[in-house]
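For clarity, every value in this text was computed on a predicted model and none was experimentally measured. When a ligand or atom number is given, it counts from 1 through the structure's own listing order.
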Amino acid sequence: MKSHSMEDLISLCKRRGFIFQSNEIYGGLQGLYDYGPLGVELKSNLKKAWWKSMVYERDDIEGIDSSILTNPLVLKYSGHEDTFSDPLVDCRDCNSRWRSDHIEDGKCPNCGSSNLTEPRPFNLMFKTSVGPVEDGSSFAYLRPETAQSIFTNFKNVMDSTPHSLPFGIAQIGKAFRNEITPRNFIFRVREFEQMELEYFVKPGEDEKWHKEWTELRVNWWQEQGIAKDNLEIYYVPDEELAHYSKGTVDIMYKYPHGTEELEGIANRTDFDLGSHTKGQNDLDIKAKVTKNSQSNSKLAIQDLETKEWFLPYVIEPSAGVDRGFLAILNEAYSEEMLDDGKKRTLLTIKPHLAPIKVAVIPLKRNNEEMVMKAESLKKSLQKVIDGRVLLENTGNIGKNYRKNDEIGTPACITVDFQTLDDDTVTVRDRDSMEQKRVNLNEIKSFLKKIYNF
Ligand code: ATP
């Protein structure tokens with residue numbers, strides 16, 4: 001088995017339709033990618049697995065889906081307008097721009113010159129204008145994280161559901177950052193998706209929950225097929241903490257380009273609910289005048305025993321969908337030499353993440369009866385399997401197997417001449433390449449063991 005590079009993954013993604021460069025026919029746009037027919041399936045399976053573990057399998061978490069365009073006041077009070085920036089350095093010789101913490105030995109990564117400017121802060125948020133007049137008076141930000149709309153909806157969710165602490169709000173959605181140097185394929189991009197949980201706890205219980213969520217999230221990534229040895233825990237030092245964080249643990253993954261952050265788990269304390277409470281009170285003159293305890297703590301909740309109002313603390317596991325996708329692909333990819341001297345590319349992706357769950361292949365594409373049997377099998381499997389079942393009617397069975405190994409299809413079912421006689425089909429296992437003869441009556445229970453439906 002040969003080790004592989006990022007180029008091998010990029011080439012597979014393009015060849016088989018996982019990921020394309022965005023706007024490619026017009027020369028692309030840096031830091032943006034599009035997910036193709038297989039990519040959209042894998043990505044959606046990853047998001048489904050996260051949602052299932054967060055929202056469906058627990059009774060203390062609700063989901064939301066909020067708008068991307070964000071009122072600037074939200075990001076003013078959250079601190080992003082003032083502090084969500086990276087240090088930018090210009091090379092005076094070749095005019096390229098870099099994040100200063102990505103520069104090694106004080107030299108421009110493009111031309112090697114040491115003639116660099118001093119770092120200056122560069123805000124990463126994208127702005128757009130809202131409404132028909134583009135005079136700058138009404139603008140909105142594209143959200144840089146999904147988290148803020150969880151905080152701004154905190155009361156709405158609390159008031160419309162029967163929860164008390166600890167409880168969480170989960171969201172999956174796009175986030176936008178004007179990264180100075182997008183790079184390493186889909187690892188650092190300007191438009192990406194996050195899977196974020198804000199888990200609200202009583203102050204004083206935050207450190208216990210921070211530990212608990214770190215363990216849960218490391219285990220979850222392993223359940224998605226990532227080897228423990230390829231994950232690392234990094235305790236972010238105080239001087240590197242984001243403005244809202246009291247402590248952050250990064251789950252790092254060994255990507256082909258190096259070991260970098262896959263997910264961050266931050267203890268955001270009551271920073272955000274506190275800031276938005278201040279925002280509410282600044283804007284609400286009446287509240288200032290009446291000054292009752294409740295109106296001065298808009299996003300606070302009441303302790304049922306002591307009757308005191310307090311702001312919950314928040315633990316935030318925040319994972320990147322695209323970085324997760326890349327890690328899963330990297331983990332599953334291998335190349336091997338078969339006995340006949342041919343190369344086999346294999347994606348040993350977990351069945352629940354596989355973009356194609358089952359490929360149904362008629363042995364002879366011109367045999368009408370065989371094709372009809374295959375079509376009807378595809379239809380009946382599609383009714384029970386949660387994910388895509390593919391009818392492969394392109395001929396050449398060997399090519400079909402090779403392709404499906406390469407895209408990670410756990411099982412291929414071949415309808416052949418014997419099927420027409422005795423209603424049995426061949427089921428080929430991706431990893432072992434073993435083939436079993438299974439009666440069509442039993443095919444669903446056979447597949448049930450693989451897909452758990
Ligand atoms: P980095 O230090 O790598 O820039 P970050 O610490 O700024 O990342 P967070 O603000 O913690 O990232 O965001 C939470 C998650 O969102 C990250 O763990 C990562 O998976 C994802 N993410 C952040 N920025 C990007 C990006 N530019 N491209 C793809 N995913 C990203």
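Under 4.0 Å from any atom of ligand 1, one finds heavy atoms of residues R99, R177, E179, F187, R188, V189, F192, Q194, E261, L262, E263, G264, S318, A319, G320, R323.
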(Q) Pair D272, Y77 - check side-chain hydrogen bond (donor to acceptor under 3.5 Å, both in side chains), show working. (A) CA-CA 8 Å; D272 300 271; Y77 278 98; over 6 Å; no
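Taking the centre of each ring, F185 and Y33 come in below the 6.0 Å mark. Checked against the 6.0 Å centroid threshold, F325 and Y35 count as a close aromatic pair.
A search for ring pair (Phe, Tyr, Trp, His ring centres under 6.0 Å) contacts involving F122 returns nothing, not counting sequence neighbours.
Y253 does not carry R323 over the face of its six-membered ring by the limits of under 6.0 Å from the centre and within 45° of the normal.
The aromatic rings of H257 and Y255 sit parallel, their planes meeting at an angle under 30°, below the 60° perpendicular limit.
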